[in-house]
Amino acid sequence: MFQILDIKGGLVSEDPDLDKELLKEMYWWMVYARMADDKALKLQRQGRMGTFPPTTGQEAAQVGSGLALDKEDWVFPAFRELGTYLLRGIPLENMYLYFMGDVRGNIIPKNINNLPMYVPVSTQIPQAVGAAYGMKLRNKKNAAVCYFGDGATSKGDFSEGLNFAGVFNTPNIFICQNNQWAISVPRKKQTASKTIAQKAIAYGISGILVDGNDVLAMHVATKEALEKAKKGEGPTLIEAFTYRLRMHTTADDPTRYRSDEELKEWESRDPLIRFKNYLKNKGIWSEDWQKELETKAEEMIKKAIEKAENIDPPNPEDMFIYMYSDINPVLKEQLEYLKKMISTKEIEEDSEKIEGGFP
């Protein structure tokens, strides 16, 4: 497994000597993502947010890879990439809004090359491959980076996507955040393969197993994979070996399917602690700087919550006008019916008169 930092933050291979500002930026995004995630869980428990998939423990996999990307690269996420989302410029209030049940939170701001979250497992993989194939045909010098979990590798989309990518040599980076559990199904029951990375061999592409809790290793591995893809040297599957320290989503109870011993073992590998120790050894980290980052994050999180909770109600017409580029007659009739209901505040009991109508 490719690793630069051990669990205490000591070097186990050559220091990549990344720029000091980049190292500080990495730590900032990890701290911000951890605190934003922690706050989201509290909001959910207070009844102010719906079901939410915590990312705590996976910050290194997301931040290390995300900061290796160029702005022109495209990201096809799953639904547990908070760190990558934030550093790509997507406002935190969008994330909060989405998990509060407002679909407008999934609208990606202009000039950010991210796709919205894909909740159906693995469905983003074939689309990322198709987008990369289009980039290749148009001689673009960017890449399509696709995130998914270990559970996605048991789906047909994974096999079909990686096979196509191998055959057509597309500029794809596949980042599997192997957090050891697909909801309550352990990794060992997902596949008989020793690693997920080795599955790349079957598709004729490169594969690498990386310590997903080592932000430096994730950054270096992703950077190299991107350079290779953009030179026309093919796709890479990166298995980020990590762990989710909390539940799959707030709808499940992990104490029912995993042991306290397992959790404690992984808590000792916390990606923030090991990277903090590395920065401390380099004379970058200090108590004052930590407080500065936490204060900044608290203020940003507070503002994000205020924006998400105080947004104007959605326009009911949106569900009609965004369905097709040109609204069809049936939907047009339903839209007019809705407008009438809203304006008169009457409830139409005889909706069966309208084709496609609903009570």
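Only one option out of Ile327, Asn328, Asn315 pairs with Phe320 in a side-chain contact (heavy atoms from CB on, under 4.5 Å); it is Ile327. The only member of Ile238, Ile125, Val145 that meets side-chain contact (heavy atoms from CB on, under 4.5 Å) when paired with Phe174 is Ile125. The side chain to side chain donor-acceptor pair (under 3.5 Å) with Tyr243 is formed by just one residue from the set Glu265, Gln58, Glu262; it is Glu262. A salt bridge (Lys or Arg N to Asp or Glu O under 4.0 Å) with Asp270 is found for exactly one of Lys276, Lys264, Arg34, namely Arg34.
Met30 has its side chain within reach of Pro271: a pair of non-hydrogen atoms, C-beta onward, lies under 4.5 Å apart. Contact annotation: the side chain of Asn94 never approaches that of Tyr85 to less than 4.5 Å [non-hydrogen atoms, C-beta and beyond]. Inter-residue side-chain proximity for Glu224 and Thr236 is flagged as unmet; no heavy-atom pair is nearer than 4.5 Å. By the 4.5 Å heavy-atom criterion applied to side chains, Glu239 and Asp150 are not counted as neighbours.
The pair Asp6-Lys8 does not count as a salt bridge, with every side-chain nitrogen at least 4.0 angstrom from each carboxylate oxygen. With salt bridges taken as basic N to acidic carboxylate O contacts below 4.0 Å, one links Glu93 and Lys307. Salt-bridge annotation for Lys230 and Asp70: present, with a side-chain N of the basic residue lying under 4.0 Å from a carboxylate O of the acidic one. Between Arg274 and Asp211 there is a salt bridge, with a side-chain nitrogen of the basic residue lying less than 4.0 Å from a carboxylate oxygen of the acidic one.
The backbone N or O of Trp285 lies less than 3.5 Å from no partner atom in the side chain of Lys280, so there is not a single donor-acceptor pair. No donor-acceptor distance shorter than 3.5 angstrom exists from the side chain of Asn172 to the backbone of Pro235, with no hydrogens or angles considered. With Asp214 contributing its side chain and Leu5 its backbone, the two residues share a donor-acceptor pair below 3.5 Å. Judged by distance alone, with hydrogens and angles left aside, the side-chain atoms of Arg187 form no donor-acceptor pair with the main-chain N or O of Asn179 at under 3.5 Å. Remark: side-chain polar atoms of Asn142 are paired, donor with acceptor, to backbone N or O of Glu72 under 3.5 angstrom. Panel note: side chain Thr195, backbone Gln198; a donor-acceptor pair is recorded below 3.5 Å. In this structure a side-chain-to-backbone donor-acceptor pair under 3.5 Å is present from Thr242 to Gly57.
By the criterion of side-chain heavy atoms lying less than 4.5 angstrom apart, applied directly or through intervening Ile, Leu, Val, Met, Phe, Trp or Tyr residues, Leu245 is not grouped with Val215; the two fall into different hydrophobic clusters. Note on Phe168 and Ile173: separate hydrophobic clusters, where clusters join Ile, Leu, Val, Met, Phe, Trp and Tyr whose side-chain heavy atoms are under 4.5 Å apart, directly or indirectly. Both Met218 and Tyr147 are members of a single hydrophobic cluster when ILVMFWY side chains are connected at heavy-atom separations under 4.5 Å. The cluster map of Ile, Leu, Val, Met, Phe, Trp and Tyr, joined by side-chain heavy atoms under 4.5 Å apart, puts Leu226 and Ile112 in the same cluster. In terms of hydrophobic clustering, with Ile, Leu, Val, Met, Phe, Trp and Tyr side chains grouped at heavy-atom distances under 4.5 Å, Phe76 and Tyr98 are assigned to different clusters.
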For a side chain to side chain donor-acceptor pair (under 3.5 Å) check, start with the C-alpha distance between Lys199 and Thr153, then their side-chain angles and the critical distance, and finish with the verdict. CA-CA 9 Å; Lys199 292 176 182 286; Thr153 65; 5.4 Å; no
What's the verdict on side chain to side chain donor-acceptor pair (under 3.5 Å) for Asp15 and Tyr278, showing C-alpha distance, side-chain angles and the deciding distance? CA-CA 10 Å; Asp15 191 334; Tyr278 169 78; 2.9 Å; yes
Derivation of the side chain to side chain donor-acceptor pair (under 3.5 Å) call for Arg246 and Thr56: CA-CA 7 Å; Arg246 289 178 172 154; Thr56 291; 3.2 Å; yes
Quick one, Asn114 with Arg88, criterion side chain to side chain donor-acceptor pair (under 3.5 Å). Give me CA distance, side-chain angles, the key distance, then yes/no. CA-CA 8 Å; Asn114 264 55; Arg88 295 280 289 178; 3.0 Å; yes
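Under the 30°/60° scheme for interplanar angles, the aromatic rings of Trp266 and Phe241 are found to be tilted. Phe79 and His248 have perpendicular rings, their planes meeting at more than 60° on a 0 to 90° scale where under 30° would count as parallel.
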Which donor-acceptor pairs under 3.5 Å do side chains of residues 155-162 form with protein atoms, sequence neighbours excluded?
{"residue": "Lys155", "atom": "NZ", "partner": "Val121", "partner atom": "O", "Å": "3.0"}
{"residue": "Asp157", "atom": "OD2", "partner": "Ser122", "partner atom": "OG", "Å": "2.8"}
{"residue": "Ser159", "atom": "OG", "partner": "Tyr203", "partner atom": "OH", "Å": "3.2"}

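For the residue pair Leu237 and Cys176, the shortest heavy atom distance occurs at CD1-CB, 4.5 Å. The shortest heavy-atom contact between Ala36 and Tyr96 is O-OH, 2.9 Å.
Heavy atoms from other residues, nucleotides or ligands lying under 6.0 Å from CD of Glu14 number 12 at most. No more than 12 heavy atoms of other residues, nucleotides or ligands shown are found within 6.0 angstrom of NZ on Lys140. No more than 12 heavy atoms of other residues, nucleotides or ligands shown are found within 6.0 angstrom of NZ on Lys303.
In this structure, the ring of Tyr257 has its center less than 6.0 angstrom from the ring center of Trp181. Note: Tyr133 and Phe164 meet the aromatic proximity criterion, with ring centroids under 6.0 Å apart. Residues Tyr27 and Trp289 bring their aromatic ring centres within 6.0 Å.
Under a 4.5 Å side-chain heavy-atom criterion applied to ILVMFWY residues, the cluster that includes Ile311 comprises Leu97 as well.
Remark: Lys189 NZ to Ser154 OG distance equals 13.0 Å, nearest 0.5 Å.
A cation-pi arrangement is found for Lys296 relative to Trp28, the charged atom lying closer than 6.0 Å to the ring centre and inside a 45° cone about the ring normal.
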